[in-house]
Amino acid sequence: MKIAIIGQGGHSKVVRDLIKTIGEVEIVGCLDDQYNAEFYREQVFYGPVDAARTFTEDFPDVRFFVAVGNNRVRKQIVERLGIPDALYATLIHPTAHISSSTSIGPGSVVMPCAVINTDVQVGAHAIINTCAVVEHDSLVANYAHVSPNATLTGNVMVREGAQIGASATVIPGKEIGKWTIVGAGATVIDDIPPYCTAVGVPAMVKTKEITGGV
Ligand SMILES: CC(=O)SCCNC(=O)CCNC(=O)[C@H](O)C(C)(C)COP(=O)(O)OP(=O)(O)OC[C@H]1O[C@@H](n2cnc3c(N)ncnc32)[C@H](O)[C@@H]1OP(=O)(O)O
């Protein structure tokens, strides 16, 4: 598979490393708004994000991956490009355990040693980060991020764009509202509303966002 990576920050570095590990995937494009001109270096195309549209015409077999860690920015880029879902790659590290009954949407990545158990749904452009555990019947919706070492126990619903911070735990059956951030190390024992930040053990709502979602 040939792939064009969108975004050149820290998350992108890890994604490119994962791609090397997978093998059989060749990076043919690096797109980021830090490039204001289009050019080739060592047979790899570099250019601004919007070059992705013309890229699909020149290289119809290329798949795209938005490797931007910020959930909101990732969504904004996907919406701005309007590329069909089928042209996004789904990337899974070979050390991740994924149940055969799990579905993972386009543009999502599963990092090393993550475990995604039975009947989980992972939406599009989501991140299941290093050593995260997503237990049975849970949902990780579009643009959500389960950070390194976080644990979603059974039947947990993580709504669109929400982030579960590193090493946080959500007990069974709880819902994390869309675009909410659960702080690192939190233990969630109640539903958390959308558009807020919740921290601590047990997790309490700390700040209500005034900006809303994307
Ligand atoms: C590979 C990767 O890097 S993947 C990325 C993984 N990233 C993470 O896990 C980061 C998760 N983010 C956090 O935990 C952040 O601290 C957030 C989002 C919860 C809060 O960030 P900010 O909005 O910048 O809050 P800020 O640092 O100003 O702290 C606000 C208050 O919350 C407290 N607080 C912040 N984070 C936490 C936390 N994780 N647990 C407990 N309390 C916290 C602060 O002590 C402060 O308390 P005070 O008002 O009593 O002084």
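For ligands, and for the atoms within them, numbers begin at 1 and follow the listed sequence. Throughout, numbering of the chain's residues begins at 1 and tracks the sequence.
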Taking the side chain as every heavy atom from C-beta outward, state whether V109 and L18 have any pair of such atoms under 4.5 Å apart.
yes
From the candidates K206, Q163, H145, M111, the one that places a heavy atom nearest atom 33 (C) of ligand 1
K206
Non-hydrogen protein atom less than 4.0 angstrom from atom 51 (O) of ligand 1:
no
Looking only at heavy atoms, is any part of N129 under 4.0 Å from ligand 1, and if so is it the side chain, the backbone, or both, or is it neither?
side chain
Taking the side chain as every heavy atom from C-beta outward, state whether S103 and V122 have any pair of such atoms under 4.5 Å apart.
no
Side chains of E160 and N142: donor-acceptor distance under 3.5 Å anywhere?
no
Which residue and non-hydrogen atom of the protein lie closest to atom 1 (C) of ligand 1, and at what distance in Å?
P148 CG, 3.9 Å
Using protein heavy atoms only, decide if any is under 4.0 Å from atom 47 (O) of ligand 1.
yes
What's the separation between atom NZ in K174 and atom CG in L152, rounded to the nearest 0.5 Å?
14.0 Å
Examine the proximity of ligand 1 to A184 and report which part, side chain or backbone, both or neither, has a heavy atom under 4.0 Å away.
both
Nearest non-hydrogen protein atom, atom 9 (O) of ligand 1:
A166 N, 2.7 Å
Among all protein heavy atoms, pick out the one at the shortest distance from atom 36 (N) of ligand 1; state its residue, atom name and that distance to 0.1 Å.
V199 CG1, 4.0 Å
Does some non-hydrogen atom of the protein lie less than 4.0 angstrom from atom 29 (O) of ligand 1?
no
Tell me which part of T197 gets within contact of ligand 1: side chain, backbone, both or neither, using heavy atoms under 4.0 Å.
side chain
Verify atom 40 (N) of ligand 1: protein non-hydrogen atom under 4.0 angstrom away
yes
Taking distance alone, no hydrogens or angles, what donor-acceptor pairs closer than 3.5 Å link side-chain atoms of residues 42-55 to residues at least two apart or in another chain?
unit_1 : atom_1 : unit_2 : atom_2 : d
D50    : OD1    : R80    : NE     : 3.1
R53    : NH2    : R80    : O      : 2.7
T54    : OG1    : A51    : O      : 2.9

Provide the number and element of each atom of ligand 1 under 4.0 Å from a heavy atom of G165.
9 (O)
Please tell me if the side chains of Y143 and V78 come closer than 4.5 Å, counting only heavy atoms from C-beta onward.
yes
Any protein heavy atom < 4.0 Å from atom 24 (O) of ligand 1
no
Would you say the side chains of T197 and T207 form a donor-acceptor pair under 3.5 Å?
yes
Test item: side-chain donor near acceptor, T102 and Q121, under 3.5 Å:
no
Output the list of atoms in ligand 1 that are nearer than 4.0 Å to some heavy atom of I181, sorted by atom number.
18 (C)
Considering only protein heavy atoms, determine whether one is less than 4.0 Å from atom 19 (C) of ligand 1.
yes
Is atom 7 (N) of ligand 1 near the protein, in the sense that some protein heavy atom lies at less than 4.0 Å from it?
yes
May I ask whether atom 15 (C) of ligand 1 is less than 4.0 Å from at least one protein heavy atom?
no
Taking atom types as modelled, find out whether N149 and S167 have a side-chain donor-acceptor pair closer than 3.5 angstrom.
yes
So is G185 touching ligand 1 or not, going by heavy atoms under 4.0 Å?
no
Is there a side-chain contact between V188 and T169 (heavy atoms, below 4.5 Å)?
no
Check: M111 and H11 side chains under 4.5 Å, non-hydrogen atoms:
yes
